[in-house]
2 protein chains.
Amino acid sequence: MAVTIKDIAKLANVSITTVSRVINNKSEGVSEETRNRILQLVKELGYQPNAIARGLVTKKTKTIGLIIPDISNPFFPDIARGVEDSAHIYGYNVFLCNTDDNLEKESEYINALKEKYVDGIIFTSSSIPKHEHITDLIKSGIPVVIMDRRIDSEDIYGVFLDNYEGGYIATKYLIDLGHKRIGCITGPLYISNAIERLEGYKRALVDNEIEVDNRLIFEGDYKINSGIIGAEKLLEHEVTAIFASNDLMAYGAYKAIRSYGYKIPDDISVVGFDDIQLSQILEPQLTTIRQPAYDMGLTAARMLIKLIEGKKMNKKIANFRPQLIIRQSTKDIV
Amino acid sequence: MAVTIKDIAKLANVSITTVSRVINNKSEGVSEETRNRILQLVKELGYQPNAIARGLVTKKTKTIGLIIPDISNPFFPDIARGVEDSAHIYGYNVFLCNTDDNLEKESEYINALKEKYVDGIIFTSSSIPKHEHITDLIKSGIPVVIMDRRIDSEDIYGVFLDNYEGGYIATKYLIDLGHKRIGCITGPLYISNAIERLEGYKRALVDNEIEVDNRLIFEGDYKINSGIIGAEKLLEHEVTAIFASNDLMAYGAYKAIRSYGYKIPDDISVVGFDDIQLSQILEPQLTTIRQPAYDMGLTAARMLIKLIEGKKMNKKIANFRPQLIIRQSTKDIV
DNA sequence: CTGAAAGCGCTAACAT
DNA sequence: ATGTTAGCGCTTTCAG
């Protein structure tokens, strides 16, 4: 049996109320003397508050849930780290939940988190077409911050990247280098950010009087393999450059391009998206669109905690801007 | 106010005990009829059990803590995913905690997790020299599984890799390729696995009548940069091969080797350790020692949950064996 | 400055 | 088969 407030109260010859007061640093209300006596006991006995009991009465658990598709996808660890760091600073712990973009698992986790009375949830979901479970969640009153993938619904708090702009500047950069046959390997087109990046790509072409050729667009799934397959397809159509919607698929493209005996960037230029850590280690280092994942995680958690604690916020949406990082996988056409 | 057991009881004209019984699927003790009536109400009202209240009385929270150095270190996401998958299967949620190998943060998280009454903890700690906080934790009675980094203490549950063997086979492989001047970039030598890998390296040399030359041993910190610096140092001593104690440092070595104008593997062979995902994407693909991170995570969580639930286990330690994955960064000496 | 009492939502003896 | 009661450890009125 762990030592409780009651044990302390008995030994200090005070009521549990008084002990509770000093443990919670309640403003004054306790004499210096008794406060010290209690603090002393707390230390001696190694008293630790029982957060469960506390939570039962306060309805606050100092706990948040982080729901993401997959922590082993290299894009998410940085986000998770940002969320956790932020949470830790404010005294919160975070439940990690991996959904694999699976609707059923999303609902399972939402339920589990509700039963455990988390104070709030950070959600990265793919389920654009069907997201009643999320709007229901929000309606249920629990603070929610949506991250990375948009959900169209009024009255949502979220942190996002301008993916459209990202797609645009990636493509524009290739165009400026003289490329005209630019292939695009997209993410799964049921995910908002994949759609947006594709839109940016198309728009950049149109703005520069290059026709959008659907044969130069390949729908991938954000995984390496689809980058390989996509690039193979695109090479058949004689592209001189490839914009991959994430770095992982760009790596796949590297493989395919090499297996065809082409050189990067001399024969084919490649631009990625995300700027995950390994992109600067690859040879040639990948030119890509940076997404400030850690900061986004940090911000999401900070927003959520403000929401939870009823602090006011200037805005409900934090928009981050993508940044073109020019490295060695792109080259102008001579 | 969420609906409670009491609400259901009132509407069903039964006692809360009865409701509790059906919610927990208590063996019989309730007539088919009342059971159905209650189940119906549960569904209609969308009743969700309050895990906090339940935890207060049962002292079980169906929650575990995962304490690791840093989720954004590419070695840990796979472990974390394994742990979380396993936990999810058994109905547990997991708290993610990043310590940065910082003793103080470790203690902070231990405290927080105890206050939140997690049922058990999976711990990957660096603090070999000082680990009273961990032994204290174990003595306190809460189930703990140590992962990846050893702690010498009796009576510990853990899942480990045979790092000594890993260091040995990596080095032995290079020796078999004809290398004699083999450099070693170690991890931080206060971490058990770094020490063990180094021991394996030394032993392989000795077993093959190659003298251990301390100038060929560089203590890194498991990060990319120290791989660069380490490789530079080693190249000055004219090594023909480098064994890096993790893949990240091997990537650093790649960089250094190239900046010296050497080719991998023609001039210098490199072997890594871990086999993180990106090692097969790099050019040339990295020859390395595979560590089954996902499986280790899976196993750690399964062990922990068995411990928690009082199931018996055949053994307290799960040892995994490293595996040499030969790819393209190593070559025999002609 | 301090305490008594109620109650958070649930489980677990113990009755009936 | 069902209900009564106590109580988990804490916070929170409300009194004094």
Side-chain angles (χ1 to χ4, degrees), chain A residues 1-39 41-42 45-63 91 111-112 114-119, chain B residues 1-39 41-42 45-63 91 111-119 141:
Chain A
M1 284 297 105
V3 356
T4 73
I5 215 182
K6 219 167 167 180
D7 303 327
I8 307 249
K10 194 167 295 172
L11 290 172
N13 271 316
V14 294
S15 72
I16 58 171
T17 312
T18 303
V19 178
S20 174
R21 281 193 185 99
V22 350
I23 279 161
N24 292 292
N25 282 311
K26 279 283 158 59
S27 54
E28 317 296 322
V30 184
S31 75
E32 195 65 8
E33 195 218 311
T34 40
R35 156 165 274 120
N36 284 141
R37 187 152 33 101
I38 290 170
L39 252 19
L41 252 1
V42 163
L45 306 188
Y47 168 78
Q48 289 195 295
N50 179 329
I52 301 295
R54 181 178 282 169
L56 183 57
V57 16
T58 61
K59 304 289 178 223
K60 292 284 173 222
T61 54
K62 285 278 186 177
T63 294
N111 275 331
K114 284 172 86 172
E115 292 187 358
K116 290 191 174 157
Y117 274 74
V118 297
D119 296 333
Chain B
M1 283 298 106
V3 356
T4 74
I5 216 182
K6 220 167 166 180
D7 303 326
I8 307 251
K10 194 168 293 172
L11 290 172
N13 272 315
V14 293
S15 73
I16 58 170
T17 311
T18 304
V19 178
S20 174
R21 280 193 186 100
V22 351
I23 279 161
N24 292 292
N25 282 311
K26 278 285 158 58
S27 54
E28 319 296 322
V30 184
S31 75
E32 195 65 7
E33 195 219 311
T34 41
R35 156 164 273 120
N36 285 141
R37 187 153 34 101
I38 289 170
L39 252 20
L41 252 1
V42 163
L45 305 187
Y47 166 78
Q48 289 195 296
N50 179 329
I52 301 295
R54 182 178 282 169
L56 185 57
V57 17
T58 62
K59 304 289 177 224
K60 292 285 174 224
T61 54
K62 285 278 185 178
T63 295
N111 275 332
L113 294 179
K114 283 172 86 172
E115 293 187 358
K116 290 190 175 158
Y117 275 74
V118 297
D119 296 333

Rounded to the Å, how far apart are [X] [atom1] and [N] [atom2]?
{"X": "A/Arg21", "N": "D/dC10", "atom1": "CZ", "atom2": "C1'", "value": "14 Å"}
{"X": "A/Asn25", "N": "D/dT11", "atom1": "CG", "atom2": "C1'", "value": "15 Å"}
{"X": "B/Asn36", "N": "D/dA1", "atom1": "CG", "atom2": "C1'", "value": "15 Å"}
{"X": "B/Glu33", "N": "D/dA1", "atom1": "CD", "atom2": "C1'", "value": "12 Å"}
{"X": "A/Lys62", "N": "D/dC10", "atom1": "NZ", "atom2": "P", "value": "17 Å"}

Earlier contact from the 5' end, DNA chain D, for A/Thr17 and B/Asn13: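 By nearest-heavy-atom nucleotide position, the 5'-most residue is B/Asn13.
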
Might you list the N or O atoms of the protein lying below 3.5 Å from N or O atoms in nucleotides 8-10 of chain C, with each pair's distance?
| from | atom 1 | to | atom 2 | distance (Å) |
| --- | --- | --- | --- | --- |
| C/dC8 | O3' | A/Lys59 | NZ | 3.0 |
| C/dG9 | N2 | B/Ala53 | O | 3.3 |
| C/dC10 | OP1 | B/Tyr47 | OH | 2.4 |
| C/dC10 | OP1 | B/Asn50 | N | 3.3 |
| C/dC10 | OP2 | B/Ile5 | N | 2.6 |

Check whether any side-chain N or O of B/Thr18 sits under 4.0 Å from OP1 or OP2 of D/dG3, and answer yes or no.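 Result: yes.
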
Do the side-chain N or O atoms of A/Thr58 get closer than 4.0 angstrom to the phosphate oxygens (OP1, OP2) of D/dT11?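 No, because none of the side-chain N or O atoms of A/Thr58 sits under 4.0 Å from OP1 or OP2 of D/dT11.
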
Verify, without hydrogens or angle tests, whether A/Lys62 (side chain) and B/Lys116 (backbone) share a donor-acceptor contact under 3.5 angstrom.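 Not confirmed, A/Lys62 side chain does not pair with B/Lys116 backbone.
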
Is there a donor-acceptor contact under 3.5 Å from the side chain of A/Thr61 to the main chain of A/Tyr117?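 Yes.
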
Where do B/Leu56 and A/Ala53 come nearest, in terms of heavy atoms and distance?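 Smallest heavy-atom distance, with atoms named: CD1-CB, 3.6 Å.
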
If the condition is side chain to side chain contact (heavy atoms under 4.5 Å, CB included), which residues does B/Glu33 pass it with, not counting sequence neighbours?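 For B/Glu33 the side chain to side chain contact (heavy atoms under 4.5 Å, CB included) partners, ignoring immediate neighbours, are B/Ser31, B/Arg37.
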
Calculate, to the nearest 0.5 Å, the distance between atoms CD1 and CZ belonging to B/Ile52 and A/Arg54 respectively.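 Between atom CD1 of B/Ile52 and atom CZ of A/Arg54 there are 12.5 Å.
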
Here's a test for you: under side chain to side chain contact (heavy atoms under 4.5 Å, CB included), which of A/Ile23, A/Asn24, A/Thr18 qualifies with A/Ser20?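 Only one of A/Ile23, A/Asn24, A/Thr18 forms a side chain to side chain contact (heavy atoms under 4.5 Å, CB included) with A/Ser20, namely A/Asn24.
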
